[in-house]
**Q** 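Quick one: this structure, given as structure tokens, is what I'll be asking you about.
Per chain, numbering begins at 1; letters A, B, ... match sequence-line order.
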Amino acid sequence: MDKHTSKILVTSGLPYANGPIHLGHLVEYIQTDIWVRFQRLRGRDCIFVCGSDAHGTPIMLQAREEGISAEEMVVTYQQEHQRDLGRFMVEFDNFYTTHSEENRELVEEIYHRLTERNLIERRVIEQAYDEEAGMFLPDRFIRGTCPVCGAEDQYGDSCEVCGATYSPGEIRDPKSILSGAPPVLKESEHVFFRLGEFEAMLKNWTANGAVDTGVARKLDEWFDAGLRDWDISRDAPYFGFQIPDTEDKFFYVWLDAPVGYLASFKNLCDSRTDLNFEEYFEPGSQTELYHFIGKDIIYFHALFWPAVLEGAKYRLPTAIFAHGFLTVNGQKMSKSRGTFISAAAYLEHLDPEYLRYYYAVKLGSGIEDIDLNLDDFVARTNSDLVGKLVNIASRCAGFISKNFDGRLSDQLENPALQEEFVNAAVSIEACYEHRQYSKATREIMKLADRANQYIDERKPWVLARNEKTAAEVQNVCTQGLNLFRVLMIYLKPVLPELAKKTEEFLGIDALSWADLAEPVLGRSIQPYRPMMLRVDDKAVSALVEALQEPA
RNA sequence: GGUGAUGUAGCUCAGUUGGUUAGAGCGGCGGACUCAUAACCCGCAGGUCGGUGGUUCAAAUCCACCCAUCACCA
């Protein structure tokens, strides 16, 4: 398989359809989008799908509380998610939903295949039940006193005070958060997936490049403990897909959520003649499949999901890319602290490209958390993007417009310097490929410094004053603008809008990686207009203030 | 409680397989310039690398324990 010609399918985690997109979500969508745009910029065939995660108890109950149907709520959030992500220039080929016919069919198909291969088993389990609400209770819906440290009002599965984990049967004085009634134990038949059958396959898969080493080490915990069967069913009432051959059993949301990747892609295939679902998902497919996810859902994607795919005779993901969480000013995002920033709230005050750049500057390939420090955000964006990058174009363009009728010269003043900039592509390309955007942007900004130094050395404003040297100004500024153009090719995955403005300014076609080879010479450019405005720290203050007002 | 990740200058981060006086950007201070969105250029000052102990001729880098933060525990 030639790694550089095969087709790529990429997914981001599906946002849960019970709340708005916030800046934490955006770490992942921006990370993925940059990677996808980079692949496309290099000319690779790369499809990017996503959608809303629609099922489960929280959505069912929230819809009930709001007096609307779950279906209605899910559609509303799906549209909102799509809108907000689009405004951040996240360029999906399709944004769908897990509550779709495609997903139902795929989930049922997978279930049938698993059943045929004897990978499904039923057995009766005991579970907490709320007699007043008339439903089984997820662990999170039970609160009580921690059996370890005695802290009151703790979740049914873990204590936030002492960190202990336990089963809901162990908690003292348990109460349902739905009705307040003490839960009773009740038997119910559940459907299990025989995960243990896949231990050898999973160990092999994770050890051979599907996950990074840090993630692999974490997964060893599961392998060491031994893989247990996975409960893939939930009792009614539940918002999800009913399990065939049952009256009141539904597929657990975490079974159908990743299948949603396939469903979204299937939905896309059905609307296009150039895409073939089987080519991407049949066993031994020559295409590449990547899932970008948060570190919190590694288990589902690196254990359950590949096992389900293998069991149902689909191809395995090529790799799982996990990232860390977002903190704001060094702390967890929190509504009470006024640091819970929704995508929509951000957009009322600030340009999405600022955030895309800031995240790029912070993102590496690992699962460390990244911090959005608002003061640093303002300083970094203004310094890098306006002070250094755009400044290159800004300081060269005036001379070309005023002294040379907007025309670039036919040659570069310093071809060696141009070559130095173009040669950086090898390293920058590798950084993007390995999701080391922080390293990529560091290298690019170093080049931006170099470009400003060059202009400072050649001093076109001095050359322009002397009749003998006035002609050199055109060459120097043409050089400067070509250096800028190279930098904009490198940054196009991160800053698509700025790249577009650059294309308009230079009067050229859409930039791609291949355009590094030839400089733009001997043509007319547009008069320069500011391409990016400085971040006003008052806008940031206004955003923060707006968040602190009680909604 | 268990597992994994993280903890380096005021801020945000780099530091390859342990090896000369620990680096960058921003901020601060000083200088220069005036083409540029008070931008850019040159220079300076800032750190006992979370803590303790250990291995080594030599550790931010390896080992042990501890502390803090984040995540997960089907």
**Q** Extract all donor-acceptor atom pairs below 3.5 Å that involve side chains of residues 208-216 of chain A and protein atoms in other chains or at least two apart in sequence.
**A**
{"residue": "A/Asn208", "atom": "ND2", "partner": "A/Asn204", "partner atom": "O", "Å": "2.6"}
{"residue": "A/Asn208", "atom": "ND2", "partner": "A/Asn204", "partner atom": "OD1", "Å": "2.9"}
{"residue": "A/Asp212", "atom": "OD2", "partner": "A/Arg435", "partner atom": "NH2", "Å": "3.2"}

**Q** Base, sugar-phosphate, or nothing for A/Trp254, non-hydrogen atoms under 4.0 angstrom?
**A**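 Here A/Trp254 touches no strand at all.
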**Q** So which protein N/O to nucleotides 14-17 of chain B N/O distances come out below 3.5 Å?
**A**
{"residue": "B/A14", "atom": "O2'", "partner": "A/Arg442", "partner atom": "NH2", "Å": "3.4"}

**Q** Is there a donor in the side chain of A/Asn414 and an acceptor in the side chain of A/Tyr454, or the other way round, less than 3.5 Å apart?
**A**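 Checked: A/Asn414/A/Tyr454 side chains show no N/O donor-acceptor pair below 3.5 Å.
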**Q** Nearest whole angstrom, please: distance from the C1' of B/G4 to the CD1 of A/Ile298.
**A**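 So the CD1-C1' distance, A/Ile298 to B/G4, works out to 8 Å.
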**Q** How far, in whole Å, is B/C62 from B/U20 if one measures between their P atoms?
**A** 16 Å
**Q** Out of B/C33, B/U37, B/C73, which nucleotide sits closest to the side chain of A/Trp222?
**A** B/C73
**Q** Of A/Asn329 and A/Ile367, whose nearest nucleotide on RNA chain B comes first from the 5' end?
**A**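 Final value for this comparison: A/Ile367.
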**Q** Among the nucleotides B/C33, B/U37, B/A74, which one has an atom lying closest to any side-chain atom of A/Trp230?
**A** B/A74
**Q** Send over the distance from A/Asp369 CG to B/U69 P, rounded to a whole Å.
**A**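 Rounded to the whole Å, the gap is 13 Å.
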**Q** When the P atoms of B/C44 and B/A36 are considered, how many whole Å apart are they?
**A** 29 Å
**Q** For atom P, what is the distance between B/A64 and B/U3, given to the nearest Å?
**A**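 Straight-line distance between the two P atoms is 12 Å.
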**Q** Given the C1' atoms of B/U48 and B/G4, what is the spacing between them in whole Å?
**A**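 Those two atoms are separated by 30 Å.
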**Q** Testing A/Phe193, A/Trp230, A/Tyr111, A/Phe241 for ring pair (Phe, Tyr, Trp, His ring centres under 6.0 Å) with A/Phe251, which one passes?
**A** A/Tyr111
**Q** Using only heavy-atom distances, determine whether the side chains of A/Thr145 and A/Asp173 contain a donor-acceptor pair under 3.5 Å.
**A**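 The criterion, which ignores hydrogens and geometry beyond distance, is not satisfied for A/Asp173 and A/Thr145.
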**Q** From B/G4, B/A74, B/A71, pick the nucleotide closest to the side chain of A/Arg217?
**A**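 For the A/Arg217 side chain, the nearest candidate turns out to be B/G4.
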**Q** Got a sec, which residues hit side chain to side chain donor-acceptor pair (under 3.5 Å) with A/Asp376, two or more places apart in sequence or on another chain?
**A** A/Tyr358
**Q** If you take any heavy atom closer than 4.0 Å to RNA chain B, which residues from residues 467-501 of chain A end up in contact?
**A** none
**Q** Go through residues 199-213 of chain A and report each residue with a non-hydrogen atom lying under 4.0 Å from RNA chain B, sorted by number.
**A** none
**Q** Taking only residues at least two apart or on different chains, which pairs with a member in residues 459-484 of chain A satisfy salt bridge (Lys or Arg N to Asp or Glu O under 4.0 Å)?
**A**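 Residue pairs with at least one partner in residues 459-484 of chain A: A/Arg458-A/Glu472.
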**Q** Take nucleotides 62-67 of chain B nucleotide by nucleotide from the 5' end and write B, S or -, depending on whether a protein heavy atom sits under 4.0 Å from the base, only from the sugar-phosphate, or from neither.
**A** ------
**Q** Could you give the distance separating B/U6 and B/G15 at their C1' atoms, to the nearest angstrom?
**A** 16 Å
**Q** Establish, from distance only, whether the side-chain atoms of A/Ser188 and A/Asp235 form a donor-acceptor pair under 3.5 Å.
**A** yes
**Q** Need one value for A/Pro530: base, sugar-phosphate or nothing, where a base atom within 4.0 Å counts as base even if backbone is also close, heavy atoms only.
**A** base
**Q** How close or far is atom P of B/U12 from atom CG of A/Asp384, stated in whole angstroms?
**A**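 Value for this atom pair: 16 Å.
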**Q** Calculate the interatomic distance between A/Asp375 atom CG and B/C11 atom C1'; express it in whole Å.
**A**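 It is 8 Å, rounded to the nearest whole Å.
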**Q** Which protein N or O atoms sit under 3.5 Å from an N or O of nucleotides 39-42 of chain B?
**A**
{"residue": "B/A39", "atom": "OP1", "partner": "A/Arg534", "partner atom": "NH2", "Å": "3.2"}
{"residue": "B/A39", "atom": "O2'", "partner": "A/Gly387", "partner atom": "O", "Å": "2.9"}
{"residue": "B/C40", "atom": "O2'", "partner": "A/Arg395", "partner atom": "NH1", "Å": "2.9"}
{"residue": "B/C41", "atom": "O4'", "partner": "A/Asp456", "partner atom": "OD2", "Å": "3.4"}
{"residue": "B/C41", "atom": "O2'", "partner": "A/Asp456", "partner atom": "OD2", "Å": "3.2"}
{"residue": "B/C42", "atom": "OP1", "partner": "A/Gln453", "partner atom": "NE2", "Å": "3.4"}

**Q** How does RNA chain B look in dot-bracket form if you count Watson-Crick and G-U pairs under 3.5 Å, write [ ] for pairs that cross, and put | where a base pairs with another strand?
**A** (((((((..((((.....[...)))).((((.........)))).....(((((..]....)))))))))))).
**Q** Using a 6.0 Å cut-off, check whether atom NZ of A/Lys501 has over 12 heavy atoms from anything other than its own residue.
**A**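 Enclosed: over 12 neighbouring heavy atoms sit under 6.0 Å from NZ of A/Lys501.
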**Q** Here's a test of your reading of the structure: between A/Ala379 and A/Asp376, which maps to the more 5' nucleotide of RNA chain B?
**A** A/Asp376
**Q** Once you round it to whole Å, what is the distance between P of B/C70 and CG of A/Leu372?
**A** 17 Å
**Q** Do A/Phe88 and A/Tyr346 pass the ring-ring contact (aromatic ring centres under 6.0 Å, His included) test, and can you show the C-alpha distance, the side-chain angles, and the key distance before you say yes or no?
**A** CA-CA 10 Å; A/Phe88 276 89; A/Tyr346 173 98; 5.5 Å; yes
**Q** Classify the nucleic acid contact of A/Met445 as base, sugar-phosphate or nothing, counting any heavy atom under 4.0 Å across all strands shown.
**A**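 It contacts nothing in the nucleic acid.
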**Q** Any base atoms under 4.0 Å from A/Asp229, or only sugar-phosphate, or nothing? Heavy atoms, all strands.
**A**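 No contact.
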**Q** With side chains defined as the heavy atoms from C-beta onward, is the minimum distance between A/His291 and A/Trp305 less than 4.5 Å?
**A**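 A side-chain contact exists here, since the closest heavy-atom pair is under 4.5 Å.
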**Q** Just grab all the side-chain hydrogen bond (donor to acceptor under 3.5 Å, both in side chains) pairs involving residues 394-407 of chain A, residues at least two apart or on different chains.
**A** A/Arg395-A/Asn452
**Q** Can you spot which of A/Ile30, A/Val361, A/Asp351 makes a side chain to side chain contact (heavy atoms under 4.5 Å, CB included) with A/Arg356?
**A**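 That would be A/Ile30; it is the only one of A/Ile30, A/Val361, A/Asp351 passing the side chain to side chain contact (heavy atoms under 4.5 Å, CB included) with A/Arg356.
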**Q** Sticking with atom P, work out how far B/U55 lies from B/U61, rounded to a whole angstrom.
**A** 15 Å
**Q** Looking at A/Arg380, I'd like to know whether one of its side-chain N or O atoms comes within less than 4.0 Å of OP1 or OP2 on B/G25.
**A**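 Answer no for this pair, as no side-chain N or O of A/Arg380 is under 4.0 Å from OP1 or OP2.
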**Q** Would you mind classifying the nucleic acid contact of A/Met333 as base, sugar-phosphate or nothing, using non-hydrogen atoms under 4.0 angstrom?
**A**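 A/Met333: no heavy atom of the nucleic acid under 4.0 Å.
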**Q** Considering residues at least two apart in sequence or located in another chain, which fulfil the side chain to side chain donor-acceptor pair (under 3.5 Å) criterion with A/Thr478?
**A** A/Ser409
**Q** Enumerate, atom names and distances included, each donor-acceptor pair closer than 3.5 Å involving a side-chain atom of residues 489-499 of chain A, sequence neighbours excluded.
**A**
{"residue": "A/Tyr490", "atom": "OH", "partner": "A/Phe421", "partner atom": "O", "Å": "2.6"}
{"residue": "A/Tyr490", "atom": "OH", "partner": "A/Val422", "partner atom": "O", "Å": "3.2"}
{"residue": "A/Tyr490", "atom": "OH", "partner": "A/Ala425", "partner atom": "N", "Å": "3.1"}
{"residue": "A/Lys492", "atom": "NZ", "partner": "A/Glu503", "partner atom": "OE2", "Å": "3.0"}
{"residue": "A/Lys492", "atom": "NZ", "partner": "A/Leu511", "partner atom": "O", "Å": "2.7"}

**Q** What nucleic acid atoms does A/Lys332 come within less than 4.0 Å of, heavy atoms only: base, sugar-phosphate, or nothing?
**A**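 Sugar-phosphate: the residue A/Lys332, judged by heavy atoms under 4.0 Å, touches backbone atoms but no base.
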**Q** For the side chain of A/Phe399, counting heavy atoms from C-beta on, which of B/U12, B/C35, B/U3 is nearest?
**A**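 From the listed options, B/C35 comes nearest.
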**Q** Check every strand shown and say whether A/Arg465 touches a base, only sugar-phosphate, or nothing at a heavy-atom separation below 4.0 Å.
**A**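 The residue A/Arg465 makes sugar-phosphate contact but no base contact.
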**Q** Please state the C1' separation for the pair B/C49 and B/G23 - nearest whole angstrom.
**A**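 Between the two C1' atoms, the distance is 12 Å.
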**Q** Looking at every strand, decide which applies to A/Phe377 at a 4.0 Å heavy-atom threshold: base, sugar-phosphate, or nothing.
**A** nothing
**Q** Whether the A/Lys332 and A/Thr339 side chains hold a donor-acceptor pair (N or O, under 3.5 Å, no angle test) is what I'd like checked.
**A**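 A/Lys332 vs A/Thr339: no donor-acceptor pair found between side chains.
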**Q** Considering only the C1' atoms, how many Å lie between B/C35 and B/C40, rounded to the nearest integer?
**A** 9 Å
**Q** Whether the A/Ser233 and A/His190 side chains hold a donor-acceptor pair (N or O, under 3.5 Å, no angle test) is what I'd like checked.
**A** yes
